Undergrad: 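Once you've had a glance at the structure underneath, I'll fire off some questions.
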Amino acid sequence: MKYHFNDIEAKWQKYWASNQTFKADNHSDKPKFYVLDMFPYPSGAGLHVGHPLGYIASDIYARYKRHKGFNVLHPMGYDSFGLPAEQYAIQTGQHPAKTTEANIKTYRRQMDQIGFSFDWSREVRTSNPDYYKHTQWIFTQLFESYYDKVDDKAQDIADLVKIFKSKGNKEVNAVCDEETPLFNAEQWDAFSIKEQQEILLNYRLTFLSDTEVNWCPVLGTVLANDEIVNGVSERGGHPVVRKKMKQWSMRITAYAQRLLDGLNTIDWPQPLKDSQTNWIGRSDGAMVSFEVKSEKLKAKSVIDVFTTRPDTIFGVSFMTLAPEHELVEKITTDEYKNAVEKYVQATAKRSERDRMADVKTISGQFTGAYAEHPFTKEQIPIWIGDYVLASYGTGAVMAVPCGDQRDYDFATHFNIPIPNIFKDIDISEQACEDKSAVMANSEFLDGLPAKKAIKRMIYEMEKLNIGTGKINYRLRDAVFSRQRYWGEPFPVYYKDGMPQMIDAKHLPILLPEIEKYLPTEDGKPPLGNAKTWYWDEKNNRVVSPPSGDLGDIYPLELNTMPGWAGSSWYFNRYMDSSNSNEFASKESLEYWESVDLYIGGSEHATGHLLYSRFWQKFLFDKGLVPVDEYAKKLINQGMILGTSAFVYRWDFESEDPQKSKKTIFVSKTKMEKIIEERKTIENSKKGISKNKISSSGTIEIPQPTTNNNWSHFTPIHADVSFVNASNELDVEAFKNWREEYKEAEFVTEPDGTFIVGREVEKMSKSKYNVVNPDDICHDYGADTLRMYEMFLGPLEQAKPWNTAGITGVHGFLKKMWRLFFIDEGLEKDPDYYKVDINDEKGYKWFASVKERFEVSDNEPTKENFKILHKTIKKVEEDIANFSFNTSVSTFMIAVNELTKQKCNNRAILEPLLILISSYAPHIAEELWEKLGHNTSISTAKFPVFEEKYLVESTKVYPISFNGKMRFTMELSLDLSKEQIEKDVLAHEKTQAQLAGRTPKKVIVVPGKIVNIVG
RNA sequence: GCUCGAGUGGUGGAAUUGGUAGACACGUUGGACUUAAAAUCCAAUGGACAGUUAUGUCCGUGCGGGUUCAAGUCCCGCCUCGAGUACCA
């Protein structure tokens, strides 16, 4: 019987679905295990072979854990809000929900085909109102919370109001905006409701504010920092400009330290942790105040600066403000007014990108104003310069040219003095950034190294009340508004310009229907086009605005939430995905607790993986989830790259216009030969006038016009589906691919084949190197696809896909299948026949081996057991290390060995099937059934490794001389070191190696190696 | 620039606490079975050299040093590639 993988796989996929084999129970005596994949955005292109890599790995793990007796939660869903569906809607008018639905269908079909053990009954979709209802609710919870620095957790904003009422905010230690005014209880009471609301917005964990945002005019929306790559939008590569807009933000900065600390408690890849650490960017230093004296300023003013090296303050010879700094206008003297304004305008014009790209040009302008050095009381000139960023620290620096390269360069450029404050260090060439340098010329700091000097300086500053120790973070609050349609609507309406939350019982606020998905004519977000988008406060529903007096009807928020809103908590939803009252019941949250294994791409390091940790910590603070880190272990799967195919177009000039019009493609080896020949010709300085290529007719090559410019080859992507395993192009298919290739000429190899060039690139439609898993499943089966993806290499590593190699894995599965069958000679194979009139019946039959299913119940041999238990041991180790590629090799070795041993014993093959069933579940189920089982193999007990089968009595010792292995020798493991040495030295080959010399030393490591020195 | 990761045959990749480098595959070559293909099976396959064969010798894990009886693995110094980040005070 042949291995009919297509039939077998369809059969078992149907079986698993109708029997709900992988449905996870929220009540079980078994220990729980939660295996999660990052859910996909369902894009229109469908899955390519790179996408399922992580899902296959997690599926193997999930299935393995079921065999090991765990109650496994292995869910899947869709991050179904997103830009592409909306862009498509703008172009075609098709509702994004429709596009998304269609894409999800494709995704689901493709995933089902690979045989994943997902519990689909728990599927989530972020664009589903049943789901985003809870996203909206979490948003309202963030709005109703502030961050208490004393308790170091989020608290109810209502508690804060109570404190304001009784004592004002002077004693409150909470995270809030820098500009929050101080007030006492009486003042608070005197504030209008609106004023009180405005103050509370400074404390809320999600808040409205005028923010400098990254505005992308082409996409018509703001972007978060992690959505910008190299100064342009991550999606589409459109330019991004800075713009001030009223936006919702998330006060993620309140959690900066806890997000850092939490990294120590989770088992995530170090590079990912590093990247989050860098993104949060903690720096320890001090805030220092400098008093400003300017003829223009009537009152004294103060410039605050942040520095990580307060100990270098005696080296300050100037200050620099960001051109955007609010004090610039106030302090600039009349004399410098024009020059400063000119400079400020010039920098404002330059885009952020230009400013970033151009790091080397030093520019700046003196303001005419001076600050007073807090210790020496000297006058320090105040400059502005675009190397100081408004968005970091206070937007102002105390410049220490001898200790900071940028300050040094600036000082050199503008001839500002460079006082030296380091002992025995020459700073004539560049600034000294060495922290071990000892201080000098610094009064009470003289002789101290940096670490001690910083401590001392902060102490002195705090004593004199001119500065204070401070920790600064690079992390910015996250902008949470998007000017898009296809996202979660905010549960927010505006009353007197102030945002009001809609009560939980009225959620979800459904996304309204609109006709046009573009911004409105007056530049409002797409929701501005909605006819029914007002809130009736009395009746608590969304309504159309009445004409005339609005009464209790208020406009709703026009922005929607960003993509990361829905993905920041979905892992909790899976625990209880059909719960309509709350995002998940307390009971289910406590049962499943957190993700035991999370698999996904490292590109989410500073996006999803940071935001979701933030939300989890917030939910934890509010007592809504039991743990404050939701994923104990995380693995980043590497990208599968494509192997692009290239044909080479021969471009040359010709006097004959007919010839130069002609498109000529040259086979790769041929091309290399031609290039080689040309080189030889050029080297010997001989010209040629003709180059005859016989296999494809004669092609005349024109006389070179110049030495270099006579002809060249242009690589052109060819679709990889036209190329076979030996890199031969299907020329006809290629010709039919494009109209302009129909008439092209092909210069082939002498044997008539046309060879393409290959190169590894990212898999993408535009490179025609995409391989569709559907095709692989059809040609080789899902089990082969699963095993081959694992076999390609280590899970975490990027690696190229090469369909040619898949035959190895496929052949292995066939070989394993044959272990269960007995060869009964040749038979007519009904699967392969074709009409042949010469045959007496009109058919010509093809012979194939007739095979009968049969396994033996006899006791296996010692050798059989040995190979089985070796395999059990290795596979368990491999799965524990996520080294799935090596376990595939192990299976191959096992099957090769068992085939050689002619083993068909049930006692060996049955456990072997369980081992392999996580990797190749369909074939395992089929053979399991043939073995007489009537339940799924998926919960069969994992075989137990027994050491006794591996115990050896002898060892083949490598005998090496001076570290070089020369021959092997089988010796009993019972031998003593001395006996081994004696036996080895007595061996004739040892004598031959020594050639009469006496060994200086003999190293014997019993069970390992013998090394003879001398 | 800074941080992190990686360099092993023609290719993808193996190699436990330092202990037989190249497992397992792909590809290539040769062979068997076939009228023929497909499928399947067998053998060879890091490089160089010597030998009729058996076999032997040398070189080999990015480069240069070092530690060790023994180094792909440990230490020091470089080079190259990849990822992240970027005037962060």
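Chain letters run A, B, ... following the sequence lines, proteins first and then strands; every chain starts at 1. The model shown is predicted, which means the values in this text are computed figures rather than measured ones.
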Undergrad: Under 3.5 Å for both donor-acceptor distances, Watson-Crick or wobble: does B:C49 have a partner, and if so which one?
TA: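 Pair assignment: B:C49 / B:G56.
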Undergrad: Both A:T394 and A:Q270 contact RNA chain B. Which one's nearest nucleotide lies toward the 5' end?
TA: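 Nearer the 5' end of the strand: A:Q270.
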Undergrad: Taking any strand in view, what nucleotide pairs with B:G19 in a Watson-Crick or G-U wobble way, both distances under 3.5 Å?
TA: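 B:C69 is the nucleotide pairing with B:G19.
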Undergrad: Could you tell me whether the side chains of A:N802 and A:T643 share a donor-acceptor contact shorter than 3.5 Å?
TA: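 No - no donor-acceptor pair under 3.5 Å links their side chains.
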Undergrad: For a quick test of reading the model, state the closest non-hydrogen atom pair linking A:V809 to A:F791 and the distance between them.
TA: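 The answer is CG2-CD2, 3.8 Å.
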Undergrad: Look at the side chain of A:R966 and decide which nucleotide, out of B:C24, B:C4, B:U57, has an atom nearest to it.
TA: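 Of B:C24, B:C4, B:U57, B:U57 is nearest to the side chain of A:R966.
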Undergrad: Which nucleotide, B:U40, B:U3, B:G13, lies nearest any side-chain atom of A:R818?
TA: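 Nucleotide nearest to A:R818's side chain: B:U40.
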Undergrad: Do A:S883 and A:T886 get their side chains close enough for a donor-acceptor pair, meaning under 3.5 Å?
TA: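 Short answer, yes.
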Undergrad: At under 4.0 Å between heavy atoms, what does A:V888 touch on the DNA or RNA strands: base, sugar-phosphate, or nothing?
TA: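 A:V888: no heavy atom of the nucleic acid under 4.0 Å.
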Undergrad: Rounded to the nearest Å, what distance is computed from the CD1 atom of residue A:I1012 to the P atom of nucleotide B:C69?
TA: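 Whole-Å distance recorded here is 16 Å.
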Undergrad: What is the separation between atom CG on A:L792 and atom C1' on B:C24, rounded to the nearest whole Å?
TA: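 For the pair A:L792 CG and B:C24 C1', the rounded distance is 13 Å.
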Undergrad: Would you say the side chains of A:D409 and A:Q405 form a donor-acceptor pair under 3.5 Å?
TA: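 Indeed, the side chains of A:D409 and A:Q405 share at least one donor-acceptor pair under 3.5 Å.
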Undergrad: What is the distance from CG of A:L389 to P of B:U85, rounded to the nearest Å?
TA: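 Whole-Å distance recorded here is 16 Å.
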Undergrad: Answer with base, sugar-phosphate or nothing: what part of the nucleic acid does A:N472 contact at a heavy-atom distance below 4.0 Å?
TA: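 A:N472: no heavy atom of the nucleic acid under 4.0 Å.
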Undergrad: With no angle test and no hydrogens, is the base of B:U20 tied to the side chain of A:K1008 by a donor-acceptor pair under 3.5 Å?
TA: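 Check fails, no donor-acceptor contact within cut-off.
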Undergrad: Which part of the nucleic acid does A:Q797 contact within heavy-atom distance under 4.0 Å: base, sugar-phosphate only, or nothing?
TA: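 Counting heavy atoms under 4.0 Å across all strands, the contact made by A:Q797 is with sugar-phosphate only.
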Undergrad: Taking the nucleotide of RNA chain B with the nearest heavy atom to each, does A:S283 or A:N962 sit closer to the 5' end?
TA: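 In this pair, the answer is A:N962.
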Undergrad: Between A:L634 and A:L609, what is the shortest heavy-atom contact and its length?
TA: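 Heavy atoms of A:L634 and A:L609 come nearest at CD1-CD2, 3.8 Å.
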Undergrad: Classify A:Y957 by what it touches in the nucleic acid, base, sugar-phosphate, or nothing, heavy-atom distance under 4.0 Å.
TA: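 The answer is nothing, as A:Y957 stays clear of every strand by at least 4.0 Å.
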Undergrad: Determine the contact category for A:V1013: base if any of its heavy atoms lies under 4.0 Å from a base atom, sugar-phosphate if only primed atoms, P, OP1 or OP2 are that close, otherwise nothing.
TA: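 Since only primed, P, OP1 and OP2 atoms lie under 4.0 Å of A:V1013, the category is sugar-phosphate.
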Undergrad: By the 4.0 Å heavy-atom rule, please label A:K1001 as base, sugar-phosphate, or nothing.
TA: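 Sugar-phosphate: the residue A:K1001, judged by heavy atoms under 4.0 Å, touches backbone atoms but no base.
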Undergrad: Please determine, for the side chain of A:N885, which listed nucleotide (B:U20, B:A14, B:C88) has the closest atom?
TA: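 Of the options given, the side chain of A:N885 lies nearest B:A14.
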Undergrad: Pairing check on B:A32: which nucleotide meets the Watson-Crick or G-U wobble criteria with it, both distances under 3.5 Å?
TA: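 Pair assignment: B:A32 / B:U40.
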Undergrad: Please give the distance between the P atoms of B:G13 and B:C88 as a whole number of Å.
TA: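 37 Å, rounded to whole Å.
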Undergrad: Checking contacts here: which listed nucleotide (B:G56, B:A89, B:C24) is nearest the side-chain heavy atoms of A:Y392?
TA: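 The answer is B:A89, which lies nearest to the side chain.
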Undergrad: Grab the two heavy atoms, one from A:K866 and one from A:L950, that are nearest each other, plus how far apart they are.
TA: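 Heavy atoms of A:K866 and A:L950 come nearest at O-CD2, 3.5 Å.
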Undergrad: Any strand is fair game: report the nucleotide pairing with B:A6 by Watson-Crick or G-U wobble, both distances under 3.5 Å, or none.
TA: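 Base partner found: B:U80.
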Undergrad: With a 3.5 Å limit on both atom pairs, tell me what B:U11 is paired to, counting Watson-Crick and G-U wobble, or say none.
TA: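 B:A25 - that is the nucleotide pairing with B:U11, both distances being under 3.5 Å.
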Undergrad: Counting Watson-Crick and G-U wobble pairs only, both distances under 3.5 Å, name the nucleotide matched with B:U61, or none.
TA: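 For B:U61, the partner nucleotide comes out as none, under the 3.5 Å rule.
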Undergrad: Under 4.0 Å, counting only non-hydrogen atoms across every strand here, what does A:R282 touch: a base, just sugar-phosphate, or nothing?
TA: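 Result for A:R282 = nothing.
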Undergrad: What is the distance from CZ of A:R474 to C1' of B:C87, rounded to the nearest Å?
TA: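 Atom-to-atom, A:R474 to B:C87, this comes out as 12 Å.
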Undergrad: Using the P atom on both, measure B:G7 against B:G62 and round to a whole Å.
TA: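 Roughly 8 Å separates the two P atoms.
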Undergrad: Using whole Å, what does the distance between atom C1' of nucleotide B:G84 and atom CG of A:L609 come to?
TA: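 Whole-Å distance recorded here is 14 Å.
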Undergrad: Rounding to a whole Å, what distance do you find between A:L795:CG and B:G5:P?
TA: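 In whole Å, B:G5 P lies 18 Å from A:L795 CG.
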Undergrad: Check whether the side chains of A:Y473 and A:T253 place a donor and an acceptor atom closer than 3.5 Å, and report yes or no.
TA: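 No, because no side-chain N or O of A:Y473 sits under 3.5 Å from a partner of the opposite role on A:T253.
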Undergrad: Under 4.0 Å, heavy atoms only, any strand: does A:K964 hit a base, just the sugar-phosphate, or nothing?
TA: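 Sugar-phosphate, no base atom in range.
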Undergrad: Using the P atom in both, what is the distance from B:U20 to B:U73, to the nearest Å?
TA: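 Those two atoms are separated by 14 Å.
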Undergrad: Taking all non-hydrogen atoms of both residues into account, name the closest pair between A:N769 and A:S644 and its distance.
TA: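 Nearest heavy atoms, A:N769 then A:S644: ND2-OG, 3.0 Å.
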Undergrad: Identify which nucleotide among B:G12, B:A25, B:A89 has an atom closest to any side-chain atom of A:V388, counting heavy atoms from C-beta outward.
TA: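 It is B:A89.
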Undergrad: In whole angstrom, give me the gap between the C1' atoms of B:U45 and B:A25.
TA: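 Straight-line distance between the two C1' atoms is 14 Å.
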Undergrad: Side-chain donor or acceptor of A:N1011 under 3.5 Å from a matching atom on the base of B:C69?
TA: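 Such a pair is found, so the answer is yes.
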Undergrad: For A:T320, which contact category applies under a 4.0 Å heavy-atom criterion: base, sugar-phosphate, or nothing?
TA: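 No contact.
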Undergrad: Going by purine N1 to pyrimidine N3 plus the second Watson-Crick contact, or the G-U wobble pair, all under 3.5 Å, which nucleotide sits opposite B:G1?
TA: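 Paired with B:G1, as far as the under-3.5 Å criterion goes, is B:U85.
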Undergrad: When the P atoms of B:G18 and B:G64 are compared, how many Å lie between them, rounded to an integer?
TA: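 Looking at atom P only, B:G64 and B:G18 are 24 Å apart.
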Undergrad: With sugar-phosphate meaning primed atoms plus P, OP1 and OP2, does A:D407 contact a base, only sugar-phosphate, or nothing at under 4.0 Å between heavy atoms?
TA: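 No contact at all - A:D407 keeps every heavy atom at 4.0 Å or more from the nucleic acid.
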